[in-house]
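The next block holds one structure in the form of structure tokens; read it before the comments.
Convention: sequence-line order gives letters A, B, ...; per-chain numbering from 1.
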Amino acid sequence: TPIQNDLSEFFSMV
Amino acid sequence: MLEARLEQASILKKVVDAIKDLVQDCNFDCNDSGIALQAMDNSHVALVSMMLKSDTFSPFRCDRNIALGINLNSFQKVLRCAQNEDILTLKADDSPDVVSLVFESSEQDRISEYDIKLMDIDQEHLGIPDTEYAATITMPSGEFQRICRDLSALSESVAIEAEKNAVKFVCNGDIGNGAISLRNHSSVEKPEQNVNIELSEPVALTFSLKYLVNFCKASGLSGSVKLCLSNEVPLLVEYELASNSYLRFYLAPKIGD
């Protein structure tokens, strides 16, 4: 089963 | 202070209906350019980004930056008290404890006034870079909703594969497999059925159908939906609203095991 990524891996915290 | 009048309550009703199962408490950030919202779901897999530009409202007045921290469940309860065709006015002071909503029937014979208590919400804010996507697919929002619903009966995830002139939605489940292909389609007579695929390079990504089905609750806001994909970045699902306003959803891709 594919693993779900986390959005904060792509978008930086501001 | 904030004073924002919407000709039709239905826009805000539909926005809140579309996002309330994804995010529970969020700040509506008001300034002179309009009302914006950015919130992630608890699992940090999906993000909602809404922008209602000041031109969406008539009139719109907001002298200072005001964050309205609202529980969406409460917001929905109050918005359900408005008829779709009612004129809706949002009002708040500069340092508000409540946001006031006034619903006026189009015949002007009834005025309803509600207040919602505000909350202090410390929200994580993500910087979303401007991305040149490898594939941009514009299609009827109802069609996308149907595809997501149909495939979610078979599988938890869908692979979206965009190639020249065609996009394919593929799922593999325990009971079997499914695949739906759409090609570029343009009709002068029925432009609402148009499918447009713009591609700079082929893309194939896998996403959770549970989230996509959730995003599709926004289908009533716009006849078409835009899917923007690039390999190894989150999917953007965008519903364009009048006056350059929008409701966007971002979804992190699944990665292979």
Check your understanding: Around B/K168, counting heavy atoms of other residues, nucleotides and ligands shown, do more than 12 lie under 6.0 Å from its NZ?
Key ->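 12 or below, so no.
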Q.
Tell me if the CG atom of B/D94 is crowded by more than 12 foreign heavy atoms within 6.0 Å.
A. yes
query = Distance-only, no hydrogens or angles: does the A/N5 side chain make a donor-acceptor pair with backbone N or O of B/P253 under 3.5 Å?
reply = yes
- request: Give a yes or no answer on whether the side chain of A/Q4 reaches the backbone of B/V45 with a donor-acceptor pair at less than 3.5 Å.
  value: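 No.
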Q.
Looking at every heavy atom in both B/P234 and A/F11, which two are closest together, and how far apart are they?
A.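 Residues B/P234 and A/F11, closest heavy atoms: CG-CZ, 3.8 Å.
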Taking every heavy atom of A/D6 against every heavy atom of B/S43, the minimum-distance pair comes out as OD2-O, 4.5 Å
Spacing of CZ belonging to A/F10 relative to OH belonging to B/Y250, to within rounding of 0.5 Å
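A/F10 CZ to B/Y250 OH: 13.5 Å, rounded to 0.5 Å.
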CD1 (B/I128) and CG (A/L7) are apart, to the nearest 0.5 Å, by 8.5 Å
